[in-house]
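Okay, structure first, notes after.
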Amino acid sequence: MDLKAYIRDIPDFPKPGIVFRDITPVLAHPQGLPTVAKEIAAAFADQAIDYVVGIESRGFIIGTVVSHAIGCGFVPVRKPGKLPAAVHRVEYELEYGTDKLEVHQDAIAQGSRILIVDDIIATGGTAAATAKLVNLAGGELVGYGFMVELLALQGRQALPDVNVFSLITY
Ligand SMILES: O=P(O)(O)OC[C@H]1O[C@H](OP(=O)(O)OP(=O)(O)O)[C@H](O)[C@@H]1O
Ligand SMILES: Nc1ncnc2[nH]cnc12
């Protein structure tokens, strides 16, 4: 399936000057998520991943299907104040603002092999912050899987030196 044909460009959302890459038509296609999951899982098939860490909220949609395809656990990284038990917290910058992310302190067994999954890497701020959370929680970051990469923003350069896989680039 040609996934890129199912991504819509929405100009000036959520702020003037941002071209929002809308993945909802991919989600609506019956082969959309299965294709994304299969391809990201295949890229890390020999990496003995213990957990996919997915980032709220679009990262939950992609990350859970990838964890199912790999056959590993899923750990949610959430926006502040949503996780009920003790958390690690980091602050980070978005393409269009700042935010904080949290993970449960006991979410990851020490030394577990982690794949971080999100729908899009733009500036890389969210993904870099998530790597810090994985570190704080005691995981070993193996790599990143993204559905979309916005190359002009050079987000990869903000990430630690691990395998970064993206399915669709702009
Ligand atoms: O590489 P970056 O510049 O950090 O941007 C990428 C992040 O931005 C979006 O999330 P957003 O915060 O808009 O939240 P959402 O998933 O809840 O829509 C997207 O889902 C990524 O998580
Ligand atoms: N341009 C963009 N389109 C969709 N999601 C995003 N997240 C950060 N930048 C984005």
Side-chain angles (χ1 to χ4, degrees), residues 1 3 23 26-27 30-94 99-151 153-169:
M1 144 175 207
L3 289 169
I23 65 163
V26 175
L27 308 182
Q31 290 311 312
L33 278 174
T35 302
V36 172
K38 197 172 76 181
E39 296 206 25
I40 295 177
F44 294 93
D46 58 355
Q47 291 297 312
I49 302 298
D50 294 307
Y51 301 99
V52 165
V53 168
I55 306 160
E56 183 174 1
S57 57
R58 283 173 269 156
F60 289 178
I61 301 170
I62 311 295
T64 51
V65 292
V66 172
S67 71
H68 181 72
I70 290 174
C72 69
F74 178 83
V75 171
V77 159
R78 297 211 61 179
K79 313 247 162 123
K82 299 286 187 180
L83 289 169
V87 295
H88 296 295
R89 173 186 286 194
V90 292
E91 196 160 346
Y92 69 105
E93 287 184 16
L94 272 182
D99 214 337
K100 300 181 186 70
L101 287 174
E102 296 179 346
V103 71
H104 272 149
Q105 289 179 6
D106 62 356
I108 293 170
Q110 296 302 296
S112 303
R113 292 173 63 77
I114 306 297
L115 173 64
I116 295 174
V117 172
D118 207 350
D119 65 328
I120 288 184
I121 176 168
T123 65
T126 306
T130 304
K132 288 185 189 146
L133 286 175
V134 166
N135 259 337
L136 288 168
E140 182 193 339
L141 180 61
V142 172
Y144 286 93
F146 300 104
M147 181 174 156
V148 176
E149 179 173 7
L150 306 182
L151 295 171
L153 293 169
Q154 300 185 317
R156 278 176 185 252
Q157 291 181 11
L159 304 184
D161 186 21
V162 293
N163 185 5
V164 179
F165 174 80
S166 61
L167 267 176
I168 301 158
T169 56

Next item on the list: Kindly indicate, with the supporting measurements, whether the criterion side-chain contact (heavy atoms from CB on, under 4.5 Å) is fulfilled by V52 and V75.
Entry: CA-CA 6 Å; V52 165; V75 171; over 6 Å; no
Note to self: I'd like to know whether N135 forms a side-chain contact (heavy atoms from CB on, under 4.5 Å) with L141, so could you lay out the CA-CA distance, the side-chain angles of the two residues, the decisive distance to 0.1 Å, and finally the verdict.
What the structure shows: CA-CA 8 Å; N135 259 337; L141 180 61; over 6 Å; no
Notebook entry, point to check: Could you walk me through whether C72 and D50 pass the side-chain contact (heavy atoms from CB on, under 4.5 Å) check?
Noted result: CA-CA 5 Å; C72 69; D50 294 307; 5.8 Å; no
Note to self: Please evaluate residues F44 and R113 with respect to the criterion side-chain contact (heavy atoms from CB on, under 4.5 Å), reporting the C-alpha separation (whole Å), side-chain torsions for both, the decisive distance (0.1 Å), and the verdict.
What the structure shows: CA-CA 11 Å; F44 294 93; R113 292 173 63 77; over 6 Å; no
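At least one side-chain heavy atom of T126 sits less than 4.5 Å from a side-chain heavy atom of D118. Considering only heavy atoms from C-beta on, V103 stays 4.5 Å or farther from V90 through its side chain. For the pair V66 and L115, the minimum side-chain heavy-atom distance is below 4.5 Å. A 4.5 Å side-chain heavy-atom check between P76 and F60 finds at least one atom pair inside the cut-off. Taking the side chain as every heavy atom from C-beta outward, I61 and D119 never approach each other to under 4.5 Å.
Considering all non-hydrogen atoms of both residues, I70 and A41 come closest at CG1-CB, 3.7 Å. Nearest heavy-atom pair across I121 and G155 is CD1-C, 3.7 Å. Shortest non-hydrogen contact noted between I40 and M147 is CD1-N, 4.3 Å. Nearest heavy atoms, D99 versus P80: OD1-CD, 4.0 Å. Nearest heavy-atom pair across F74 and S67 is CB-OG, 3.7 Å.
Not one N or O on the side chain of E91 forms a donor-acceptor pair closer than 3.5 Å with the backbone of L101. A donor-acceptor contact shorter than 3.5 Å is absent between the side chain of H104 and the backbone of V87. With S166 contributing its side chain and I168 its backbone, the two residues share no donor-acceptor pair below 3.5 Å. Of the possible donor and acceptor atoms, none in the side chain of S112 sits under 3.5 Å from a partner among the backbone N and O of I108. Between the H88 side chain and the L136 main chain, a donor and an acceptor come within less than 3.5 Å of each other.
R78 and E56 are joined by a salt bridge, as a carboxylate oxygen and a charged side-chain nitrogen come within less than 4.0 angstrom of each other. Taking the charged nitrogens against the carboxylate oxygens, E149 and R156 do have a contact shorter than 4.0 Å, which makes a salt bridge.
Of the candidates V77, I116, I114, L133 forms a side chain to side chain contact (heavy atoms under 4.5 Å, CB included) with just one, namely V77.
Every ring pair (Phe, Tyr, Trp, His ring centres under 6.0 Å) that F146 has, sequence neighbours left out, goes to Y144. Remark: E39 engages no residue in a side-chain hydrogen bond (donor to acceptor under 3.5 Å, both in side chains) (not counting sequence neighbours).
For the atom pair NZ (K38) and CD (Q31), the distance works out to 8.0 Å, reported to the nearest 0.5 Å. Here L153 contributes atom CG and Q157 contributes atom CD; the two are 11.0 Å apart, rounded to the nearest 0.5 Å.
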